[in-house]
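To keep things clear, I will list the structure first and then write my remarks on it.
Both ligands and their constituent atoms are indexed starting at 1 by order of listing. Only a predicted model underlies this, so the values are computations on that prediction, with no experimental measurement involved.
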Amino acid sequence: MRTKIKSLRCRECLREYPAQARHVCEFCFGPLEVVYDYQEIKKHFNRRTIERGPDSLWRYWHLLPVENPENIITRQEGFTPLIRAENLGKYLGLKNLYLKNDTVNPTFSFKDRVVTVAVSRAKELNFETVACASTGNLAASVSAYGSLAGFKAFVFIPADLEQGKILNAAVYGARIVAIKGNYDQVNRLCAEIADNFGWAFVNVNIRPYYAEGSKTLGFETAEQLGWRAPDCLVVPAASGSLLTKIYKGLKEFQDLGIIPSVKTRVFAAQAQGCAPIATAILTDNEIIRPVKPATIAKSLAIGNPADGFYAWRTVKYSGGSAAAVSDEEIIEGIKLLARTEGIFAETAGGVTVAALKKLVLEKKISPRDTTVIYITGNGLKTQEAIADLVKNITVIEPTLESFRRIL
Ligand SMILES: *Cc1c(COP(=O)(O)O)cnc(C)c1O
Ligand SMILES: [Zn+2]
């Protein structure tokens, strides 16, 4: 069988490396990215072969960095619903609004996309232990897929995470290590552990493969819209990898002739309490200034984002922009989405909905644009954010009389 992965290549100086577990260039410390043999892929990959594939993101196996399908560890992640959001659209004055509901993945967030790819590749590279530095959702996914693959699994999290996130990670059986510090400190420690222990850290030394999983949100969006790219995307950003890769997915489809030319504008959504990428975009400054996160949107709380510059560049190149929203707006966003579309999202979803609202008010997105927003995590994981709702329920005696009294 011919291989489709050619190498890893530095995004800065373009030096190439064998496709092993490494993520930075030895010469310039730039991040590495997977290079594919598109000539080979082209022979087998078109709309028809995609449509014949499984109802999961593995229908795009040809453009994902796993050579042997026998190494795939899957729970039917991805190929999630693209919903025409008529109620929310009406509320905001948008005629063509869609939302991609990634709350329904196996561990309830979009992270299953990146983890199914990373863990499968880790198996292909003969690792026995998988690990991650997580803002919450990644922990659950690595725990689940690591156990599923028969790996030892370790997840490293900031000690102040939401209970729902910790529980959701613990139940699948990984060893959970909570660190007294923020995500950026957790991440730094994990880079040292990765160097010393020879483990597959999905978002450290396996990161080039991991990141490719996010492209599938771009592929699915195009396929589910009837093989075309939308006019606008609103994407929540933490490290900035998801945003960068959704756009790469659309471009790959364009370059392979699967969809017409991509003219999509990309918008980054962040919380005001942690908005290094949105700030760089809005101030037109390519330097990403690290911040100390202080927001209820913990899954997006990366103060020093690894792919911040690439996210900035993608947004600028595409003609898009950004919005940063307050914690109050995030909570309103969660409630608005639930009440209009029946989808209960975590705080990151609240960020995305609130950012969309702001972008519409600022006329950066207009009523006729085909707009897709990404709802990336489930609300049951961040119940603290809307805990006030349960204080307002009415308790009565089990009699018709008491019921009449409250009406
Ligand atoms: C991880 C995560 C993101 C975005 O992550 P990137 O680091 O920017 O790729 C978005 N939403 C949720 C819910 C997440 O857990
Ligand atoms: Zn380099």
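- Among Y183, Y374, F110, Y210, the residue whose heavy atom sits closest to atom 4 (C) of ligand 1 is F110.
- Just one residue in the list T107, N105, T80 forms a side chain to side chain donor-acceptor pair (under 3.5 Å) with D112, and that residue is T107.
- In terms of polar-atom proximity, T135 is not counted as a contact of ligand 1, lacking any N or O under 3.5 Å from an N or O of the ligand.
- The pair K335-E332 does not count as a salt bridge, with every side-chain nitrogen at least 4.0 angstrom from each carboxylate oxygen.
- Between P236 and ligand 1, no N or O atom pair is found at a separation short of 3.5 Å.
- Every atom of ligand 1 with a heavy atom of L300 under 4.0 Å away is listed here by number and element: 3 (C), 10 (C), 11 (N).
- For ligand 1, the atoms sitting less than 4.0 Å from at least one non-hydrogen atom of A348 are 11 (N), 13 (C), numbered in the order shown with element in parentheses.
- Close approach of ligand 1 to E346 is summarised as follows: ligand atoms under 4.0 Å from at least one heavy atom of the residue are 13 (C).
- Between atom OG1 of residue T314 and atom NZ of residue K245 there is a gap of 10.0 Å, rounded to the nearest 0.5 Å.
- For atom 6 (P) of ligand 1, the closest non-hydrogen atom on the protein side is S239 OG, 3.4 Å.
- At a 4.0 Å cut-off, at least one heavy atom of G240 sits close enough to ligand 1 to count as contact.
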With salt bridge (charged side-chain N to carboxylate O under 4.0 Å, His left out) as the test, would you mind laying out the steps for K298 and E384 before giving the verdict?
-> CA-CA 12 Å; K298 296 186 188 204; E384 293 88 342; over 6 Å; no
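- Using a 4.0 Å cut-off to heavy atoms of K111, the atoms of ligand 1 that qualify are 1 (C), 2 (C), 3 (C), 5 (O), 14 (C), 15 (O).
- Taking the charged nitrogens against the carboxylate oxygens, R121 and E212 have no contact shorter than 4.0 Å, which rules out a salt bridge.
- Summary of contacts: the protein heavy atom closest to atom 5 (O) of ligand 1 is A238 CB, 3.7 Å.
- The single protein non-hydrogen atom nearest to atom 11 (N) of ligand 1 is T376 OG1, 2.6 Å, given as residue, atom name and distance.
- In terms of protein heavy atoms, atom 9 (O) of ligand 1 is closest to L242 N, 2.8 Å.
- One finds a salt bridge joining E329 and K358 here, because a Lys/Arg side-chain nitrogen approaches an Asp/Glu carboxylate oxygen to under 4.0 Å.
- Angle SG(C25) to the Zn ion (ligand 2) to SG(C10), rounded to 10°: 110°.
- At a threshold of 4.0 Å, the pair D284-K316 counts as salt-bridged, since one of the basic side-chain nitrogens sits closer than that to a carboxylate oxygen.
- Judged by the 6.0 Å and 45° rule, K152 forms no cation-pi pair with W199.
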